[in-house]
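To start, the structure itself, in structure tokens.
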There are 2 protein chains.
Amino acid sequence: MNILEKITQNKAAFSKSEKKVAEVILANPQTAIHSSIATLAKMSDVSEPTVNRFCRRLDTKGFPDFKLHLAQSLANGTPYVNRHVDENDSPDEYTNKIFESTMASLEVARQSVDVNVVNRVVDLLTQAQKISFFGLGASASVAHDALNKFFRFNVPVVYFEDILMQRMSCMNCSDGDVVVLISHTGRTKSLVEIAQIARMNDATVVGITSADSPLAQECSYVLSLEVPEDTDMYMPMASRIAQLTLIDVLATGFTLRRGNKFRENLKRVKDTLRGSRFEKRND
Amino acid sequence: MNILEKITQNKAAFSKSEKKVAEVILANPQTAIHSSIATLAKMSDVSEPTVNRFCRRLDTKGFPDFKLHLAQSLANGTPYVNRHVDENDSPDEYTNKIFESTMASLEVARQSVDVNVVNRVVDLLTQAQKISFFGLGASASVAHDALNKFFRFNVPVVYFEDILMQRMSCMNCSDGDVVVLISHTGRTKSLVEIAQIARMNDATVVGITSADSPLAQECSYVLSLEVPEDTDMYMPMASRIAQLTLIDVLATGFTLRRGNKFRENLKRVKDTLRGSRFEKRND
DNA sequence: TAAAAAATGTCAAAAAATTACATTTTTCTT
DNA sequence: AAGAAAAATGTAATTTTTTGACATTTTTTA
């Protein structure tokens, strides 16, 4: 677990002197890992044993061990903490916080993905007669994106924003059709109904949603993503990104399964777009 | 740079005893970071100063510093790099690679964002009479997502997929309107034209695109994102994610600028959705 | 094969971290 | 509000760890 996060969380439980140490470290963790216990004690204006006790309170074996943990938290690419945006953050601060917490969420999402289900779903998709992507609200744009990706594969793909169109589309499903439903909470009533309709018409229903949700229960396969959402913002943020990345994974699996010739096909699709673009200068 | 890779690379240049140390470390790096120089020396069957010299050969300040570097290389998620998906990757492998390279791209994107422009654009958006989001192809879903976010702010927001609707919408722009155009390459002809139309009608045009592109040149403000795209896949992947994250940043900046009361408003919007959802059980 | 250079080890000094204990501060009880 | 108990903090000594100086061994080269 990220020790910077841990320091922030436990801050309330620290004593006065320990708080001083915590602040010095949080203010400049990069310096902290390159300091000796004496230097850090001086910077925090406390004694050396206090620093040592601070380290042990964080369940490390001592100061050197603490530095090791800190170094890992600071390692390149290790996203910091799920840092919450604060009322008074400067543009610089909230920009970095959002990027960082998005990266952190992706890491969590990555660990929650069940690769076996991914594999199974890729199987299904490659064999599908028709693939539908549906989502509502924030998840609609994810479905929209999936359309854009899978459309390039020259497979019959369906995407509707309109809920009635979605229902009608599912009514016409048949064996061999795959319906992918996207919802972070998995509690949107209309989407759960759509899952039911699709299943009644023999389609295979894949849910990109959280486990144990009503939607998950109606699906043939569930690709569950456990993403911590910063509810203070009242907006879906990290969940969408995780869903999109999962779509990327599915699309990639799809192309790999189809093999080399298929990828040449993709290149042709991309080349077709060239006419609509300005040429890139070769400086 | 990853020190484990460095050890592997420099292996040839090491002396006999240093090689012994290298092998012990490579065989079990996790143990190495928790050992003292004495323990490691014994394990490698060399003297302590030899271990120390080994560390310095790798451009570290000494043994403790070396352990810090090693700890960082071992940190969760660090084998970062832009790992390319390979023909024969297993589902497990390509899933992890895609998540990792997406995170890596976000890190690159984060560093390329100009915070001053972000701040300026947030300014503009909060004062806009009408905000439009347009994108084509893969960027359409990003615009779609932006619609979903900004719609909650109770600001007039416009989004069209249809290129003619986009043009007409821009023809009707006036002073105080902001048009946000999204394009990874910035070379899509129709989008560049839309930028021109919008500007002719006194709208402020913000581009989320790559710097120095034809689109960038037509914009009043450019939020440039430099994202390395894995062109082998012939699909936009990381670029979208970076664009979406930037949208999140803008949306967050917007709510922060509007202050506390405004956020209560957002909560109300979210609560309105409750009726359309299944209640969450309280276990 | 001998001399030079490089590598390695021994041992002592220096630096860093930790422990034991004394002192101070805070908290709780009456 | 005073005093006792508990918690927190600091001082100083001790231990551990790392590093440096120098001697010895090994390797290289002429």
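It should be emphasised that the depicted structure is a prediction, and the values quoted were computed from it without experimental measurement. Below, all heavy atoms of this structure are taken into account, side chains as well, without hydrogens, waters or symmetry copies. Numbers restart at 1 for each chain; the letters A, B, ... are given by sequence-line order, proteins then strands.
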Salt bridge check, B:Arg53 against B:Glu18: does any charged N sit closer than 4.0 Å to a carboxylate O?
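No, B:Glu18 and B:Arg53 are not salt-bridged.
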Ionic contact status for A:Glu107 with A:Arg110, cut-off 4.0 Å:
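Salt bridge present between A:Arg110 and A:Glu107.
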Between [X] and [N], is there a contact of a side-chain N or O with OP1 or OP2 at under 4.0 Å?
X: B:Thr50; N: C:dT8; answer: no
X: A:Lys16; N: C:dT26; answer: yes
X: B:Ser15; N: C:dT8; answer: yes

Side-chain donor-acceptor contact under 3.5 Å, [X] with [Y]:
X: A:Thr50; Y: A:Ser47; result: yes
X: A:Arg240; Y: B:Asn148; result: no
X: B:Asp145; Y: A:Ser141; result: yes

For A:Phe54 together with A:Phe63, are the ring centres under 6.0 Å from each other?
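For A:Phe63 and A:Phe54, the ring centres are not under 6.0 Å apart.
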How long is the line joining [atom1] of [X] and [atom2] of [N], in whole Å?
X: A:Phe54; N: C:dT18; atom1: CZ; atom2: P; result: 14 Å
X: B:Lys20; N: C:dA7; atom1: NZ; atom2: C1'; result: 12 Å
X: A:Phe66; N: C:dA16; atom1: CZ; atom2: C1'; result: 16 Å
X: A:Ile33; N: C:dA17; atom1: CD1; atom2: P; result: 14 Å

Whether each nucleotide of nucleotides 13-25 of chain D has a protein heavy atom under 4.0 Å at its base (B), only at its sugar-phosphate (S) or at neither (-) is summarised, 5' to 3', as -----BSB-----
Where the side chain of B:Thr39 meets the backbone of B:Ser35, is there a donor-acceptor pair that is under 3.5 Å apart?
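No: the side chain of B:Thr39 does not pair with the backbone of B:Ser35.
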Hey, does the side chain of A:Thr185 reach the backbone of A:Arg187 with a donor-acceptor pair shorter than 3.5 angstrom?
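Present.
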In degrees rounded to 10°, what angle is found between the helical axes fit to the five outermost pairs at each end of the helix from C:dT1-D:dA30 to C:dT30-D:dA1?
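Roughly 30° between the end axes, to the nearest 10°.
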